[in-house]
There are 2 protein chains.
Amino acid sequence: MQEERADAARNRKAILEAADNLFAISDSPSEVSMDDIAHAAGVGKGTLFRRFGDRRNLIQQVYAVRLAPLREQIESGPPPLGPDTPPRERVSAIIDAIAVVKLDNAHLMLALEEGTGPTNGLYESADYVAVHGLLRDLVAGKFGKSRASWIAHSLLANVRADLLGHLVKGEGMSHSNIRSNLRDFVAHTLDY
Amino acid sequence: MQEERADAARNRKAILEAADNLFAISDSPSEVSMDDIAHAAGVGKGTLFRRFGDRRNLIQQVYAVRLAPLREQIESGPPPLGPDTPPRERVSAIIDAIAVVKLDNAHLMLALEEGTGPTNGLYESADYVAVHGLLRDLVAGKFGKSRASWIAHSLLANVRADLLGHLVKGEGMSHSNIRSNLRDFVAHTLDY
DNA sequence: CAGAATACGGACTGATAGTCCGCTTGTCAA
DNA sequence: TTGACAAGCGGACTATCAGTCCGTATTCTG
């Protein structure tokens, strides 16, 4: 692996920042075109696509930054997110943490889950698969194996970005109200 | 309201049939363009758009046919779907019936829920709003009002077309297995 | 059968993701 | 410092759609 050239690194950063800003500003992610991003970053379209391949990947790179702390907390942090937590509390904490991240980064998360046809693949994305697998294993003690998988999907369905966005913008629910409902729901789902 | 001219009626039917077929055949709804549909129906693009306005509306018209029986059952049919059913059983029956329709018409339902950016609006669509309102009212007896709304959204999140599609195609779950998990889940959610 | 109202269809527009390639810039060895 | 070459750049270009427009064709009515 070669070093990244200075101008390339500068442009990469500029593109990520520009994209983040534009998604934050715009009402809907689909209003932000790749041309817009390239222009705002002060680079050509070719540069943008050479660096990031396609729109989906660009968006993933942008949000990877925001997700990194959460991922790290879950993988190797202290309780209640880290591995040294009893399954029940850990599941609850993870769902809540996901909700918080998505509520705080609604614009980006919408862009990510925005189904652009077959390119969508929320359920095939590495992040979804990883967190689903973890949740599945954590609840497998309480439920059967196939049932655990279903439960994990069900839990995650409650924190989908478009649902959260609708609750906030369409129904005016407060973040804390959403989290409270979610907490009760998860608790009730996990406690027999 | 004027009578529909004979050629217009013929073309409307041809377009609906062609669209239905194409969505059924194709892997992903987004692979089916409006030109494809017009061509398959043997009409010009102008005709297609004059009759249906836009892509979203066309898809809604196509699936309205499939949804009509369910809607009618819920609005005025006999138990367990109709109004003369105790809330708890009715909610359960409705969720199961929605799952069945979506599992049986996966191609169409995917097309409908396919978020084409701001045009998406699953949560703003008349059908979603109607069924959410009904479920909310049915569970309002057991939960608070704001909580009932959240619960209704949560229930519906478990029967989203893309989730069902993933369970079937991505994880190889059988329809009956999905419905069984769903039934247990709904029962557990509603029974304190 | 004629004339008006309605509908047709496909060329046209505008937008967007993604490609291509001649030109520029950074890097590094001498 | 320099010069040559790899790496990177940018924007014109292509392909693909949804949706519009309007001259022409069809259907209905009396």
Side-chain angles (χ1 to χ4, degrees), chain A residues 1-19 22-23 26-62 110-121, chain B residues 1-19 22-23 26-62 110-121:
Chain A
M1 190 77 176
Q2 204 47 326
E3 269 291 329
E4 188 177 44
R5 238 172 67 170
D7 50 351
R10 199 184 330 120
N11 284 333
R12 187 171 43 72
K13 236 181 99 186
I15 290 168
L16 286 172
E17 279 173 18
L22 287 179
F23 283 126
S26 71
D27 285 343
S28 167
S30 61
E31 287 174 358
V32 179
S33 71
M34 297 300 269
D35 294 79
D36 291 341
I37 295 169
H39 187 258
V43 305
K45 244 182 138 179
T47 302
L48 195 166
F49 277 96
R50 191 171 348 87
R51 202 100 350 254
F52 294 99
D54 61 17
R55 180 184 176 89
R56 175 155 208 80
N57 190 253
L58 168 60
I59 294 170
Q60 274 181 353
Q61 299 285 338
V62 176
L110 270 176
L112 236 196
E113 292 184 14
E114 184 179 49
T116 312
T119 357
N120 185 359
Chain B
M1 190 76 178
Q2 198 56 323
E3 270 290 330
E4 188 177 44
R5 234 172 70 170
D7 50 351
R10 198 183 333 120
N11 285 333
R12 187 172 43 71
K13 235 182 101 186
I15 289 167
L16 287 172
E17 279 174 18
L22 287 179
F23 283 126
S26 71
D27 285 343
S28 167
S30 62
E31 287 173 358
V32 180
S33 72
M34 297 300 269
D35 294 79
D36 292 340
I37 295 169
H39 186 258
V43 305
K45 246 182 133 178
T47 302
L48 194 166
F49 277 96
R50 191 167 352 85
R51 203 91 3 245
F52 294 99
D54 62 16
R55 180 186 176 87
R56 176 156 205 80
N57 190 254
L58 168 61
I59 294 170
Q60 275 181 353
Q61 300 285 338
V62 175
L110 271 177
L112 236 195
E113 291 184 14
E114 184 178 51
T116 313
T119 355
N120 185 358

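Keep in mind it's a predicted model, so treat the numbers as computed, not measured. Throughout, protein chains are lettered first and strands after them, A, B, ... in sequence-line order, and every chain is numbered starting at 1.
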- Task: Please say which of A:R51, A:K13, A:R10 ends up in a salt bridge (Lys or Arg N to Asp or Glu O under 4.0 Å) with A:E4.
- Result: A:R51
- Query: Rounded to whole angstrom units, what separation is found between the CG atom of A:L48 and the C1' atom of D:dG8?
  - Reply: 14 Å
- salt bridge (Lys or Arg N to Asp or Glu O under 4.0 Å) assessment of B:R56 paired with B:D54: CA-CA 6 Å; B:R56 176 156 205 80; B:D54 62 16; over 6 Å; no
- Query: Between C:dC8 and B:R51, is there an OP1 or OP2 to side-chain N/O distance shorter than 4.0 Å?
  - Reply: yes
- Whole-Å gap separating P (C:dT19) and CZ (A:F52): 15 Å
- Message: Between the base of D:dA12 and the side chain of A:K45, is one N or O donor paired with an acceptor at under 3.5 angstrom?
- Response: no
- Touch class at under 4.0 angstrom, heavy-atom based, for B:S33 against every strand present: sugar-phosphate
- Side chain of B:R5 (C-beta onward), nearest among D:dC9, C:dA7, C:dG9: C:dA7
- Task: Mark yes or no for whether B:T47, through its side chain, and B:V43, through its backbone, hold a donor-acceptor pair below 3.5 Å.
- Result: no
- Task: Figure out the NE2/C1' separation between B:H39 and C:dG9, and round it to whole Å.
- Result: 12 Å
- Query: Which nucleotide, D:dC9, C:dA7, D:dT27, lies nearest any side-chain atom of A:T47?
  - Reply: D:dC9
- Message: With a 4.0 Å cutoff (strictly under), does any side-chain N or O of A:N11 reach OP1 or OP2 of D:dC9?
- Response: yes
- Send over the distance from A:R55 CZ to C:dT19 C1', rounded to a whole Å. 18 Å
- Note on the structure: Rounding to 0.5 Å, atoms CZ (A:F49) and CG (A:N57) come to a distance of 11.0 Å
- Please tell me which of the listed nucleotides, C:dG18, D:dG19, C:dC8, lies nearest to the side chain of B:R50? C:dC8
- Query: To the nearest Å, how far apart are B:F49 CZ and C:dG9 C1'?
  - Reply: 13 Å
- Task: Round to the nearest Å and state the distance from B:I15 atom CD1 to C:dC8 atom P.
- Result: 8 Å
- In whole angstroms, the gap separating P of C:dG18 from CD1 of A:I37 amounts to 11 Å
- Toward the 5' end of DNA chain D, by each residue's nearest nucleotide, B:D7 or A:A8: A:A8
- Task: Looking only at non-hydrogen atoms, find the nearest pair between A:A14 and A:A41 and report the distance.
- Result: O-CB, 3.7 Å
- Ranking D:dT27, C:dG26, D:dG19 by distance to the side chain of A:R10, first place goes to C:dG26
- Which whole-number value in Å describes the distance from A:D36 CG to C:dT16 C1'? 10 Å
